[in-house]
Amino acid sequence: MRAAVLTSTLVLSLCFAAPAWGGESIEQVLERSQQMQFDSLAAQQVHADSREARIVEASFEHLLTKVGTPVAVRLMVVRGPMLAVCLLGRIVVANASLADMSESERQFILAHELGHVSHGHWNQLSSLYKKYIPDEVVRQKTDAVAGPLGREASQLAHDQEYEADAFAHDVLHRMGQPGNTAELLFRRLPMVKRTATHPGTHERLSHIRSLQARDNHPMAAR
């Protein structure tokens, strides 16, 4: 696989050294950043009738029959270096290479992104930035809060990744998919270290194992 991590909706760093964004609010800056990323990925979209698009779309539509989302969600299948990402809280972008994975692995990755949607992670991110930058985005204000905002945003990002992993694990569990799907997937993908936006592979594997142990506990809810 070309991608090393499951990317999320999170944009943790603004260009704090920039002089200004012309009086934009932080919500507008975040949305513009995500829209730019979407536009870049849209240029790499595969044809809807391609084998890859049809396979990934079928898995995605099947998942949507099993989970509810608070907003209508769109899927776009692309080629590129990323594996999957949720943009603007409502657009799931998936790599065409998912079509070559097993059904359970493909569903875990897509369900992970739907977890970001279902838990409202985009709104949580916007609210956090709004707390630190309640007015227009200008350098003097962003410089003053860059440190504490960066730390809190990184912690939120990690919490959301764990939450999205748990969402995907539980969805697959209810669907009767193998309980070790996520563990096998993470072991097959390149190992990555902890970053500002994502826990490292070892941390995520540890979390997945805790979910497996919970499922196997005699008192676990079914």
Side-chain angles (χ1 to χ4, degrees), residues 1-12 28-123 125 157 160-161 164-165 167-169 171-172 174-178 181-182 184-192 195 197-198 201 204:
M1 294 301 297
R2 293 185 298 275
V5 296
L6 303 178
T7 25
S8 72
T9 60
L10 298 167
V11 181
L12 288 182
Q28 290 172 316
V29 172
L30 289 170
E31 185 165 347
R32 179 162 55 80
S33 174
Q34 294 267 290
Q35 185 64 51
M36 289 171 64
Q37 187 177 357
F38 172 80
D39 293 342
S40 175
L41 290 170
Q44 305 173 65
Q45 185 174 6
V46 302
H47 195 280
D49 291 332
S50 68
R51 180 190 70 88
E52 296 99 326
R54 285 187 280 107
I55 291 174
V56 177
E57 179 75 33
S59 296
F60 186 74
E61 292 298 326
H62 182 60
L63 278 173
L64 288 179
T65 67
K66 303 297 181 181
V67 302
T69 56
V71 296
V73 186
R74 171 187 173 187
L75 173 70
M76 184 170 69
V77 182
V78 303
R79 302 192 192 282
M82 43 69 66
L83 186 61
V85 64
C86 182
L87 298 174
L88 297 164
R90 62 182 184 276
I91 304 171
V92 172
V93 184
N95 196 290
S97 62
L98 267 64
D100 297 322
M101 294 183 173
S102 69
E103 179 67 15
S104 60
E105 289 177 334
R106 184 165 52 250
Q107 287 181 343
F108 180 86
I109 293 169
L110 295 172
H112 173 99
E113 302 307 332
L114 287 175
H116 287 305
V117 178
S118 294
H119 287 293
H121 288 169
W122 173 250
N123 290 334
L125 174 71
Q160 291 183 343
E161 287 304 307
D165 281 346
F167 179 89
H169 174 86
V171 168
L172 266 63
R174 294 196 302 270
M175 293 171 62
Q177 295 284 13
T181 293
L184 293 176
L185 173 63
F186 281 122
R187 288 189 176 279
R188 193 159 66 83
L189 293 174
M191 301 290 283
V192 297
T195 68
T197 60
H198 285 71
T201 299
R204 294 178 77 171

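In this chain, numbering begins with 1 at the start of the sequence shown. Only heavy atoms go into these numbers, but all of them, side chains included; no hydrogens, no water, no symmetry mates.
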For M82, does its backbone N or O pair with a side-chain atom of N95 as donor and acceptor, under 3.5 Å? yes
Heavy-atom closest pair (A96 atom, R79 atom, distance to 0.1 Å) is CB-NH1, 3.8 Å
The reported gap from NE2 in H198 to CD in E161 (rounded to nearest 0.5 angstrom) is 3.5 Å
Is there a donor-acceptor pair under 3.5 Å between the side chain of Q44 and the backbone N or O of V78?
no
Open item on the list: In the structure I gave you, are the side-chain heavy atoms of L63 and M175 within less than 4.5 Å of one another anywhere?
Closed with: yes
A side-chain contact here means heavy atoms from C-beta on lying under 4.5 Å apart; do Q177 and F108 qualify?
no
Rounding to 0.5 Å, atoms CD1 (I109) and CG (L114) come to a distance of 12.5 Å
A94 meets the side-chain contact (heavy atoms from CB on, under 4.5 Å) criterion, sequence neighbours left out, with V56, L75, L98, L110
Mark yes or no for whether E52, through its side chain, and A99, through its backbone, hold a donor-acceptor pair below 3.5 Å. no
Discussion item. I'd like to know if the side chain of S118 and the backbone of G68 have a donor-acceptor N/O pair within less than 3.5 Å.
Written reply: yes
Looking at T201 and V192, would you say the former's side chain and the latter's main chain have a donor-acceptor pair under 3.5 Å?
yes
| So do L41 and V85 actually touch side chain to side chain, heavy atoms under 4.5 Å? | yes
*asked:* So W122 and L87, do their side chains get closer than 4.5 Å, heavy atoms only?
replied: no
- Item | Audit row: H112, H169, side chain to side chain contact (heavy atoms under 4.5 Å, CB included) steps and yes/no | CA-CA 8 Å; H112 173 99; H169 174 86; over 6 Å; no
- Query: Are any of the side-chain heavy atoms of T181 and Q107 separated by less than 4.5 Å?
  - Reply: no
| message | Looking at Q37, is its backbone amide N or carbonyl O close enough to the side chain of S40 to form a donor-acceptor pair, meaning the two atoms are under 3.5 Å apart? | response | no
From the list H119, H121, H116, ring pair (Phe, Tyr, Trp, His ring centres under 6.0 Å) partner of F167 resolves to H119
For R54, is there an ion pair with E57 - N to carboxylate O distance below 4.0 angstrom? no
| Salt-bridged, D100 to R51, with N to O below 4.0 Å? | yes
Here the gap from S59 atom OG to M101 atom CE, rounded to the nearest 0.5 Å, amounts to 11.5 Å
Side-chain touch V117/R90, heavy atoms, less than 4.5 angstrom: no
Rounded to the nearest 0.5 angstrom, the CG-CZ distance for L88 and F38 is 8.5 Å
Rounding to 0.5 Å, atoms CD (E103) and NE2 (H62) come to a distance of 7.0 Å
Looking only at heavy atoms, the pair that brings S104 and L172 closest together is O-CD2, 3.3 Å
Next on the checklist: For Q35 and E31, which I'm curious about, is there any donor-acceptor pair between the side chains at under 3.5 Å?
Outcome noted: no
| message | Side chains of R174 and K66, heavy atoms from C-beta outward: is any pair under 4.5 Å? | response | no
